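Reviewing the structure listed below.
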Amino acid sequence: MELSKNYNPADIENKWYQHWLQKEYFKSQPDKREPFTVVIPPPNVTGVLHMGHTLNETVQDILIRKARMSGHNACWVPGSDHASIATEAKVVGMLKEKGIDKNNLTREEFLKYAFEWKEKYGDIIYSQLKKLGCSVDWDRTTFTMDDHYYKAVIKVFVDLYNKGLVYRGARMINWDPVAKTALSDEEVEYREVTGKLYYIKYMIVDSGQLTVGSENNSDNRQPTTDNFIIIATQRPETIMGDTAVCANPGDERYNHLKGKSVVVPLINKAVPIIFDEYVDKDFGTGILKITPAHDINDYNIGLKHNLAVVDTLNDDGTLSNAAQIYVGQDRFVARKKIVEELKGKGFLAKEEEYQTRLGFSQRTNSVAEPKISTQWFVKMKELGLPALQAVIDGDINIHPGEKFLATYKYWLENVKDWCISRQLWWGQQIPAWYDEEGRFVVAENEEKAKKIFNNQYSTNNVQLKQDEDVLDTWFSSWLWPMEVFKGISKPDNDDINYYYPTSVLVTGQDIIFFWVARMIMAGMEYKKEKPFSDVYFTGMVRDKQGRKMSKQLGNSPDLLELIDKYGADAVRFGIMISSPAGNDLLFDEASLEQGRNFNNKLWNALKLIKLWQGRQSENHTTEAILIAQMNFNPELGMMPMVLPGSLTEENFATEWFEGRLSKVQIEVDILYKQFKLSEALKTIYSLIWDDFCSWYLEWVKPGFEQPIDEHIYNKTVYFFEQLMQLLHPFMPFITEEVYHLLREQTEDLTIKQFEKSEKPNNKILQQGNILKEVITAIRDVRNKNQIKPKEKIKLHIQTRHESNYEDLEYILSKQVNAASISYTNDSIDNSLAIIVNKDKFYIETGKAINTIVQKDQLEKDLEHLKGFLISVEKKLSNERFVKNAKDEVIDLERKKKADAETKIKIIEESLSTL
RNA sequence: GGGAGCAUAGCUCAGUUGGUUUAGAGCAUCUGCCUUACAAGCAGAGGGUCCGCGGUUCGAACCCGUGUGCUCCCACCA
């Protein structure tokens, strides 16, 4: 079969994925093996996979494939998240484009559209996972709004309510005026913005002369120095909600105002001046307006001083009737107009630029509005304790640990109650049932609710209405590791008992509070056990300038396009090669190119080995002589110095590579255990490219159209198979393809089990290193002296017999293009000399040599060695070093000294002969 | 304001409890090669005050202190 010039991934990747699916390799059922379980962090059904997902899914696939090949029953559960607020926003937008207003739809009609949306985007996500090669068990695909999942969420809500851990109440929450729903604290992102601080004059009145907005002359009353105070605010549009102004009781400037009131400008409402330690005398004007409905601090002060709450905003962020003015106008429009009016009427003392932090809704990017609202909450303190303990005790290991442990602890120790109700339709509807008076009960369905209600309130045949709101999406995803195995809806089933706790959770560090911490809470509450043993946090994927990927910047590549361009293996390689755990990854297409080149390298190595197929020779000796003669250059008129007659010599290459392979197999295993996947990939990459292709294959490569020793051929094929297996978890497609093209196979690589690797022979490895060093040094000399690659040399070795080159001559002569190798005790005239490992190599070219180049090089080496020697001698002449250091260390230094001295001597000898 | 992390070659990063040569890799750069698997390649090379300063030690990229510069998380100063 003719192999193409370059590797073409597209067809091959598709073919193997289909084959794996058909063979059902990714399916998992409980059995006697040890499970290795991963649940996918369910992507939102709002869109397509981005580079962050790609990194996460690749990491998971590597871990799960490695486990599958290591005797585990590997189970990777795929799925998607209904993402209540994000999806609802998208669906509303999509409907708007079609000219449909959500308000004109019934709940049922809307949900129908939402489910259609889910089908469409869920499929896109799943097809991307397939393209990427994710070895998930498709029969276990779970969606957070599946029937069983929905029921599980309701069950948990009811249960927590009955335990007193879920409650309903009026609290200050964060409100999203675009999505028109409550948010949890975690869904608000604070960002630095440049705002303005407005200094507004409030007229002072004695409490006796309160004139509540009735005078027609009030607007014309101009403030003067002694009849007003100045208050700084960022939000002039909320002054209509002021119910007091507040100063610090220790602030002498405002002492005289005790018992007085001020008039809120524009609406002429008198409010009392109160005093509270909370106010910072030194900030702004030292006096603060209190607007309990629109600021958490003001709310708290309001509670303390029994102030009224005047909510001047509607749910959509426009001013409400309570504001009296600019009613119905957007808060930001109203702000501008109010500032203008204040200015016009002389109430604005000054305005200045101000750096501040504003809370934005994570989903709609609108400025979140603090608002008093009746919502449902989860009590977090109690649930948090076991979750904290599990991590502190090391029952759950976080990677990289040092970075996130502190964050995790701090959050759990200071956690506040979680607002879980959302004023949306897309999600699990809250199972609370109300009568007309607003009395309510919580139950799994209407029937049960009625029973409980009738009991509780001694009523009969009451009409109950279910809560309109749905639950926060994270209130469903925190059950994910349990409910994908129906651990909540059908507790104690075979799956949950076998697969739970799962092995490792791979996710972004940005959802440590949203999801990771809460999953641990839910797991501890409902299974009395951690949901996973390890957490592997990946960093954020950024572009190569370090910017976040975003649609606006256009720096977020399309996954499918990348796969089309480079192949899935190359994408996986590119994203893994430079992604140390927990660090941000600067995504650069250049690394995908590197991945593609690596694919091609494998492909070409395959082509080379295929050339040898059918040309194996059983007789080592004869062939070896032939090969040696091929290298013999008749022009130089020399005999081939040593015939590679012994088996040992030929076997050096295979034995050396066997050692390298074992060594790397052991190293890689350790790296997996430490979750250092990118290190593992680098190690395998270098083993394949450098050790296997650049060294080993060159060493065993027969001459043009020459036969190859059968033993070497078989070993080579075996090595290549082992390499493909080692690489398979990272690059599953090409490795499977190469594995099958190498020779007929009865099983697929995907399920081939790793064998235990032998301890490498260190002596041979060391010999290999010396050989490589010698080859490199001679090549360097050839290069520097402009000896053409095709030009043959004669090599004379002056050895101190610490290293034995006889077994290596065959390889050595081939690699440096030497016509002969001989041994000498004297220096060789008209030759280039180099020193490697205290042995001297003379390179004879047959032409006159340029002594200057050589002299320069030798002098440079000499200088370096002398410097080195001085540093070693300094150490050894330090009495305290000799007294205190360990014997091994001193011996080593002595050896270093002796070695350096020997080398210096050899170089000086060489220099003197030049 | 509180906390965490980072700082090593042009870039991205390794560097395992302080001592195997005056620090390693990949990418990029430079030089020479269309050598019969591969120019998406081969052979070779150059490149670093290990952020500054101080300390501990016989010995520091590594430990301690301090300064500087980045990054992230948390927090209710109008």
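Numbers restart at 1 for each chain; the letters A, B, ... are given by sequence-line order, proteins then strands. Excluded from the calculations below are hydrogen atoms, water molecules and symmetry mates; all remaining heavy atoms, backbone and side chain alike, are included. Since the model is a prediction, treat every value here as computed from it, not as a measurement.
Base contact: K601(A) has a heavy atom under 4.0 Å from a base atom. Residue T776(A) is classed as a sugar-phosphate contact, given heavy-atom separations below 4.0 Å to backbone atoms only. Backbone-only contact: R779(A) has heavy atoms under 4.0 Å from sugar-phosphate atoms and none from a base. Residue E698(A) is in base contact, counting any heavy-atom pair closer than 4.0 Å across all strands shown. Across all strands, Y354(A) comes closer than 4.0 Å only to sugar-phosphate atoms, never to a base (heavy-atom distances). The residue L288(A) sits close to a base: some heavy atom pair falls under 4.0 Å. As judged by a 4.0 angstrom heavy-atom cut-off over every strand, K903(A) is placed among the base-contacting residues. Base contact: N6(A) has a heavy atom under 4.0 Å from a base atom. Within the nucleic acid shown, Y410(A) comes within 4.0 Å of sugar-phosphate atoms alone, with no base atom in reach, counting heavy atoms only. Heavy atoms of K289(A) sit nowhere under 4.0 angstrom from any nucleic acid atom. Residue contacts shown for S591(A) are absent, as no nucleic acid heavy atom lies under 4.0 Å away. At a threshold of 4.0 angstrom between heavy atoms, the contacts of A590(A) with the nucleic acid are absent. In this structure, V279(A) reaches the bases: a heavy-atom distance under 4.0 Å links it to at least one base atom across the strands shown.
Because its NZ or CZ atom is not both nearer than 6.0 Å to the ring centre of Y354(A) and within 45° of the ring axis, K196(A) does not count as a cation-pi partner of that residue. Taking the ring centre of F360(A) as origin, the terminal cationic atom of R191(A) falls inside the region bounded by 6.0 Å and 45° from the ring axis.
A donor and an acceptor atom never sit less than 3.5 Å apart when one is taken from the side chain of E679(A) and the other from the base of rA25(B). Between the side chain of K607(A) and the base of rC38(B), no donor-acceptor pair under 3.5 Å is found.
Rounded to whole Å, the P atom of rC76(B) lies 23 Å from the corresponding atom of rU71(B). Rounded to whole Å, the separation between the P atoms of rU31(B) and rG69(B) comes to 40 Å. Rounded to the nearest Å, the gap between the C1' atom of rA9(B) and that of rA61(B) is 14 Å.
Every residue was checked against the salt bridge (Lys or Arg N to Asp or Glu O under 4.0 Å) condition with K601(A), not counting sequence neighbours, and none meets it.
Distances were taken from every side-chain heavy atom of Y278(A) (C-beta onward) to each of rG19(B), rC76(B), rA37(B); the shortest belongs to rC76(B). When the nucleotides rA4(B), rC38(B), rC72(B) are ranked by their closest atom to the side chain of N600(A), rC38(B) comes out on top.
Rounded to whole Å, atom P of rC33(B) lies 9 Å from atom CD of Q786(A).
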Dot-bracket pairing map - RNA chain B, Watson-Crick plus G-U, both contacts under 3.5 Å, | cross-strand: (((((((..((((.....[....)))).(((((.......))))).....(((((..]....))))))))))))....
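Residues from residues 688-696 of chain A placing a heavy atom under 4.0 Å of any atom in RNA chain B, listed by number, are W689(A), C693(A), S694(A).
For rA39(B), the OP1/OP2 oxygens have a side-chain nitrogen or oxygen of K5(A) closer than 4.0 Å.
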